[in-house]
Number of protein chains: 2
Amino acid sequence: MADIRDVAQRAGCSIATVSRALNSPQLVRPETLARVQAAAAELKFRPNALGRQLRGERTGLIGVMLPTLGNPVFADCLEGIEAAIDGTGRRLLLVTTQYDPERERNAIETLLQQRVDGLLLTLADAEHSVLIDDLAAEGVACQLVYNDAPHRPCVSVDNRAAAAQGVAMLIEAGHRDIVMVTGALHASDRAKRRYLGYGDAMQAAGLTPLPAFEIDFNSGARGERVREWLAQRERDGARPTALFCSNDLLALGVMRALREAGLRVPDDISVLGFDGLAVGELLSPTLATVVQPSVEIGRHAAQRLLAQIDGRTGTATGSPDASLGQALILPHEIRRGGTVAAPPHKPR
Amino acid sequence: MADIRDVAQRAGCSIATVSRALNSPQLVRPETLARVQAAAAELKFRPNALGRQLRGERTGLIGVMLPTLGNPVFADCLEGIEAAIDGTGRRLLLVTTQYDPERERNAIETLLQQRVDGLLLTLADAEHSVLIDDLAAEGVACQLVYNDAPHRPCVSVDNRAAAAQGVAMLIEAGHRDIVMVTGALHASDRAKRRYLGYGDAMQAAGLTPLPAFEIDFNSGARGERVREWLAQRERDGARPTALFCSNDLLALGVMRALREAGLRVPDDISVLGFDGLAVGELLSPTLATVVQPSVEIGRHAAQRLLAQIDGRTGTATGSPDASLGQALILPHEIRRGGTVAAPPHKPR
DNA sequence: CTGAAAGCGCTAACAC
DNA sequence: GTGTTAGCGCTTTCAG
C-alpha cells in the first residue's frame, strides 16, 4: 500500500507538500498540486485515516449505541442520524446492547478507546445510570436518544404526557378498563414514564390505574403468556376492554395473541401502541398509536451532537450553547387507527 | 487524557512494561502487573486504539455497507452481523447508500481509508459493478451480502429459484394472470433475478410471462401509482388475479393501495411478497412470502469474512479456504399466508 | 510556496 | 522480566 512518502518521492517533493496538496490545495502551487495528484493517482494512494486521526484533534468518528435494530424504531432513528451526518465527512461506529447494562458499559468504553468525537446513546435506563454522569465529567460530547431525562442532554418526546394523551383517547372512546402491557418495567425508563402517563390519564378521568401487565420481552412464548393472562382475567370477570402497549412491536405481538385467542380487535378489545412504526399504518385494521418522530429524533440528536463537538474546539463562538446540555423534547402525535373502537356493550 | 507514559511513570516502570501488562499479563511479574493496573486505574487510563491500530497489522474494524435500514431486511441482517462479531473484539463501521452507486463508491473508499480489516457489502447491482473486482484485485477481504453473484464471495439465497418457487405456488393455487411488481429493475440485481424466476415458473406452467410493473421506490405517491395502474388494467380487462412483489415492504405498500382501491386481499386479488419480514406474520391476513433467512445471511457473511481475515495472516492453516471466495447459498422457504387464495371465479 | 523535523500513542524487536 | 528504541502514516509548526 502506497505511503505518503512514496507519493512525495514520485512527485518530487516533500511529504509536507503532499499533505498540503491533499488537505489544503490552495496552499500549493498549481503545478506542484498537479504533480502530487498525478503521483497519488498512479500509486493508488489511499490516505491512512488512522495516521491523521492519531495526529489530529478529532477523528471524525461518531459512536452510536442502540439497544437493538430488531425494533424499527431504532433503525429509523439510525436513519435520521445517518442523514444528519451525511456530507459532514463523519463516520458511524455502531454497537447494539440488547438492553444489557453490562454491554452498555463495555460498548461505551470501546467507543471511547477508538476516540470517537462524540456519542449518541440510548440507554436502557438513563435515570439510574451513572454512565452519563461519568461521561459528562470527562467532558465527552454526548447526546441521549429516546431517553427523556429532564436535565440531561437528550432528544426525545415527553413520554409521560404522550402516553397520557394516548390513554385519554381510549377513555374518550368509552373505555374504563384499560391495562398497560409492557416489557420489564424496571429495565426501561421510557416504559416507566409511559406507565406514569397511563396513571395520569386514568386518574384524571376518575379511574383507578391498574397494575401493568409485564411480559418478558425475550421470552419466545409471549403469545402463550398473553393468552394465559387473558384467561385469568376472564375468570376474574375483569377482562379489560382496551390494552395500551408500551411499544408498537409489543402491540403487534399482543394483537396476534389476541387473534389466536379468538378475540377480535377492535370489536372485542381495543389496542393502542406507542412508537408510530410505519408498518402500523399498513395493517388492517391500522394500528392506533402514539407517534414519536423517530427519524427526527435521530436527526436532531446528531445535529446537536455535531454542534456540541464543533462548539468545543470550534473556530470561535466562545460559549458553548447551553441548550445542548438540556433535553430537547420533540412533539408527539396521536395516530388514530382501526385498532381502537368503543368498548363492546355488555352488562357488567 | 492519561497516556501510556503517564501510567509507566506512575507505576515506576517503562512504557513497554505497561503495554505488556495490558496485552499479555502473563509476561509480567504479578507484582509489577498489580502496580501497573493500579496506576492505570488511578489515572483512568484509556488505551488509544488509534495508536495500536496504526502500529499493528489489523484494526479490528469491519466495514458494513447497506442500502438502507428503512427496510427491516437489512436491519435484520445487521443484527446477524453483530451477533457474529460479538465477543471477537471487533467493531462495526456502518454506512448506508440509499442504493446510490456513487455513494457506494465513496463509502467503500472511506471505509478503506479507515483501514477496516474487511468489508461486508450489499451493492445495488453486484453484477455490473466493477467495485468488487477492484477490491479483489487489491486483496481486500470482502463478502457480498444478499447479492447473489455466482462466482463471487457472497452470501444469499438463490433468488431466481426462490422466486420461481413462490410463483409456482401462486400457479398451483389456480392463478394464471400473475404480474410481478418491483422497484426499478435495472437498479437491483436481486429484483432482476427474481423476475427471471418469475419467468421460469410461468413458462414451466405454459403461461406467458408478463412485463414487470416497475414502480419508483422513492416516489411518495406509490399508492396513487398502483391505483392508476390497476384502473388501466381494469379497462383493458386484464386485471391480474395475483401480484408477486419483489419484496415485502413493497407488498405491504401495494396491499394498502389495493385496499384503498376497494379491492380485497385475497378475495379479489392475491399477493405474494419476498423477504420474510417478521411483521408479515403479524398482519391479518398474514403475508404469504418467500422467506430468506436475513439474520443468518448476515451472520454467515460475517463469519466468512472473519475466517477470510484470519486466514490471511492467521497463525497457520496455510491455504486460505477457497470456498470463501464462492457464493454461499442459504436455503429459502415458502411461507404460506392469508394473502394468497384461489383466484376469484369469474367468466372471462 | 516548500522542506525539515517533531511528534500523536502504541507495539515489538532487541538488548540487558 | 524489563527497558530502549524504532517506527506505524500523518499533520503542522518553524524556517527558509
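By convention in this document, chain letters (A, B, ...) are assigned in the order of the sequence lines, proteins followed by strands, and residues within each chain are numbered from 1.
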Please list all pairs passing the salt bridge (Lys or Arg N to Asp or Glu O under 4.0 Å) test where one or both residues lie in [range], with sequence neighbours left out.
range	result
residues 6-28 of chain A	A:R10-A:E42
residues 136-151 of chain A	A:E138-B:R46, A:D148-A:R193
residues 97-106 of chain B	A:D86-B:R103

Next item on the list: Using atom CZ of B:R58 as one end and atom C1' of C:dA12 as the other, report the distance to the nearest whole Å.
Entry: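 Interatomic distance, CZ of B:R58 to C1' of C:dA12: 16 Å.
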Notebook entry, point to check: What is the distance, rounded to the nearest whole Å, between atom CD of A:Q26 and atom P of C:dT2?
Noted result: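 For the pair A:Q26 CD and C:dT2 P, the rounded distance is 12 Å.
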Notebook entry, point to check: Which of these passes side-chain contact (heavy atoms from CB on, under 4.5 Å) with A:I309: A:L324, A:I62, A:V116?
Noted result: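 Considering A:L324, A:I62, A:V116, a side-chain contact (heavy atoms from CB on, under 4.5 Å) with A:I309 is found only for A:I62.
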Polar pairs (N or O, both sides) under 3.5 Å between protein and nucleotides 6-10 of chain C?
residue : atom : partner : partner atom : Å
C:dG7   : N2   : A:R55   : NE           : 3.4
C:dC8   : O2   : A:R55   : N            : 3.3
C:dG9   : OP2  : B:D3    : OD2          : 3.3
C:dG9   : N2   : B:G51   : O            : 3.0
C:dC10  : OP1  : B:N48   : N            : 2.9
C:dC10  : OP2  : B:I4    : N            : 2.7

Notebook entry, point to check: What pairs with B:D125 under salt bridge (charged side-chain N to carboxylate O under 4.0 Å, His left out), at least two apart in sequence or on another chain?
Noted result: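 With neighbours one apart ignored, the set is B:K192.
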Notebook entry, point to check: Who passes salt bridge (charged side-chain N to carboxylate O under 4.0 Å, His left out) against A:R35, sequence neighbours left out?
Noted result: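 Salt bridge (charged side-chain N to carboxylate O under 4.0 Å, His left out) check on A:R35 returns A:E31.
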Next item on the list: For A:N23, check side chain to side chain donor-acceptor pair (under 3.5 Å) against everything at least two apart and list the hits.
Entry: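 In terms of side chain to side chain donor-acceptor pair (under 3.5 Å), with neighbours along the sequence ignored, A:N23 is linked to A:S19.
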Name each donor-acceptor pair under 3.5 Å that joins a side chain in residues 72-80 of chain A to protein atoms two or more places apart or in another chain, with its distance.
residue : atom : partner : partner atom : Å
A:E79   : OE2  : B:T68   : OG1          : 2.8
A:E79   : OE2  : B:L69   : N            : 3.0
A:E79   : OE2  : B:G70   : N            : 3.3

Item checked: ring-ring contact (aromatic ring centres under 6.0 Å, His included) contacts in which one or both residues fall within residues 1-27 of chain A, not counting sequence neighbours ->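 Those involving residues 1-27 of chain A do not exist here.
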Next item on the list: Run the salt-bridge test on B:R152 and B:D133 with the 4.0 Å N-O cut-off and return the result as yes or no.
Entry: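 Yes.
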Notebook entry, point to check: Salt bridge between A:R90 and A:D310, side-chain N to carboxylate O under 4.0 Å?
Noted result: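 A salt bridge is present here (some side-chain N lies under 4.0 Å from a carboxylate O).
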Notebook entry, point to check: Is it true that the side chains of A:Q53 and A:R115 contain a donor and an acceptor less than 3.5 Å apart?
Noted result: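 Note: A:Q53 and A:R115 side chains miss the donor-acceptor criterion.
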Next item on the list: Enumerate the residues from residues 29-41 of chain B whose closest heavy atom to DNA chain D is under 4.0 Å, giving them by residue number; use none for an empty result.
Entry: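 Under 4.0 Å from DNA chain D: B:R29, B:T32.
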Every protein N/O lying under 3.5 Å from an N/O of nucleotides 13-15 of chain D:
none

Next item on the list: Go through residues 6-14 of chain A and report each residue with a non-hydrogen atom lying under 4.0 Å from DNA chain C, sorted by number.
Entry: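 Residues of residues 6-14 of chain A that come under 4.0 Å of DNA chain C are, in numerical order, A:C13, A:S14.
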Note to self: Atom CD of residue position A:Q9 - does it have more than 12 heavy atoms of other residues, nucleotides or ligands inside 6.0 Å?
What the structure shows: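 Result for CD/A:Q9: open.
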